[in-house]
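Each ligand, and each atom within it, is numbered from 1 in the order the structure gives. Atoms considered below: every heavy atom in the structure, side chains included; atoms not considered: hydrogens, waters and symmetry mates. Positions are given from 1 along the sequence.
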Amino acid sequence: MRLTLITSNKGKLAEFRSALAPLGLEVLHSDEECDEIQADTLEEVVRSCLAQLKERGLVNMVIDDSGLFVHALGGFPGVYSAYALRTIGMDGVLRLLEGREDRSAHFECCIGASIDGEDIIVHGRCEGTIAKRPSGHEGFGFDPIFVPSGFERTFAEISITEKNGISHRGRAVQAFAEELRGRLNEAHR
Ligand code: ITT
């Protein structure tokens, strides 16, 4: 089966491809854009974007909205992660945490898809801490400052396969694949 991931982020595309290829799903790419609404949750953003894309006639497509939630900052940057990365950057987030003892954080990913006219919405989450300084060159976005729980290396210091095994996106993609398999089995019954 073929699906189109709609994203401007090549890092997300690489992770989707790496996670879904072993399951026999081919991921095509489109950088079609939707107007991202201001909302309190990733799911609201995903639902709004999915509705806009469906209205334009797109089918068998997937989108991903994600964010880094830093607990000592009340969940900031959260749904504003892309904006925060563009403006204050990783260094800005590190500065906001200077002198703070609690460096815990989590990543969240919400995947929305429209497959054969039906919507699928799934979530994934990964707990961790914010490192004192950036390390590593793998991955993208905030990866160099996020240390997943149980690891001593940042997401930018582990391989894409290892990251997919534990990450918010890896978990959401697995949940998506299970949901998809269930629906396809039902359709063939
Ligand atoms: P889209 O076109 O898919 O929206 P985007 O990069 O704007 O791409 P989001 O709107 O989901 O993505 O914004 C999430 C931000 O959080 C963005 O700056 C990402 O780089 C960052 N981010 C998301 N997932 C990440 C991950 O697995 N590791 C590091 N940073 C991540």
Whether the side chain of [X] engages the backbone of [Y] through a donor-acceptor N/O pair (distance < 3.5 Å, no angle test) should be reported.
X	Y	answer
Lys12	Thr7	no
Asp31	Ile6	no
Ser81	Leu68	yes
Arg169	Asn164	no

Suppose I only count heavy atoms of [X] and a 4.0 Å limit; which atoms of ligand 1 are within that range?
X	result
Ser8	1 (P), 2 (O), 8 (O)
Leu85	18 (O), 20 (O)
His168	24 (N), 25 (C), 26 (C), 27 (O)
Asp64	3 (O), 11 (O)

Ligand 1-proximal atoms of [X], by part, heavy-atom distance under 4.0 Å:
X	result
Lys163	side chain
Asp65	both
Arg86	neither
Phe155	neither

Exercise for review: May I ask you to check whether Glu15 has an N/O atom sitting below 3.5 Å from an N/O atom of ligand 1?
Suggested key: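 No; every N/O pair is 3.5 Å or more apart.
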
Among protein heavy atoms, which sits nearest to [atom], and what does the distance come to when rounded to 0.1 Å?
atom	result
atom 13 (O) of ligand 1	Ala82 CB, 3.5 Å
atom 30 (N) of ligand 1	Phe142 N, 3.0 Å
atom 24 (N) of ligand 1	Arg169 NH2, 2.9 Å
atom 16 (O) of ligand 1	Ser81 CB, 3.5 Å
atom 4 (O) of ligand 1	Glu36 OE2, 3.4 Å
atom 12 (O) of ligand 1	Lys12 NZ, 2.9 Å
atom 14 (C) of ligand 1	Ser66 O, 3.1 Å
atom 20 (O) of ligand 1	Gly141 CA, 3.5 Å

Exercise for review: Classify the angle between the aromatic ring planes of Phe107 and Phe142 as parallel (below 30°), tilted (30 to 60°) or perpendicular (above 60°).
Suggested key: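 Ring orientation of Phe107 relative to Phe142: tilted.
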
Point to revise | Aromatic ring pairing Phe155/Phe146, orientation class (parallel under 30°, perpendicular over 60°, tilted between) | key: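 Aromatic pair Phe155/Phe146 classed tilted.
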
Check your understanding: Are Glu138 and Lys163 close enough for a salt bridge, meaning some N to O gap below 4.0 Å?
Key -> no

Exercise for review: Go through the side-chain N and O atoms of Ser104 and Asp102 and say whether any donor and acceptor fall under 3.5 Å apart.
Suggested key: yes

Review point. Does the side chain of Gln52 come under 3.5 Å of the side chain of Ser48 through a donor N or O and an acceptor N or O?
Key: yes

Practice item. Give the C-alpha distance, both sets of side-chain angles, the deciding distance and a yes or no for salt bridge (Lys or Arg N to Asp or Glu O under 4.0 Å) between Lys54 and Asp119. Key: CA-CA 10 Å; Lys54 283 200 297 190; Asp119 288 357; 2.7 Å; yes

Check your understanding: Considering Ile145, Thr7, Asn9, which one's heavy-atom position lies nearest to atom 19 (C) of ligand 1?
Key ->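 Of the listed residues, Asn9 has the closest heavy atom.
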
Practice item. Answer yes or no: does atom CZ of Arg2 have more than 12 heavy-atom neighbours from other residues, nucleotides or ligands under 6.0 Å? Key: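 For Arg2, atom CZ is not crowded (no more than 12 foreign heavy atoms under 6.0 Å).
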
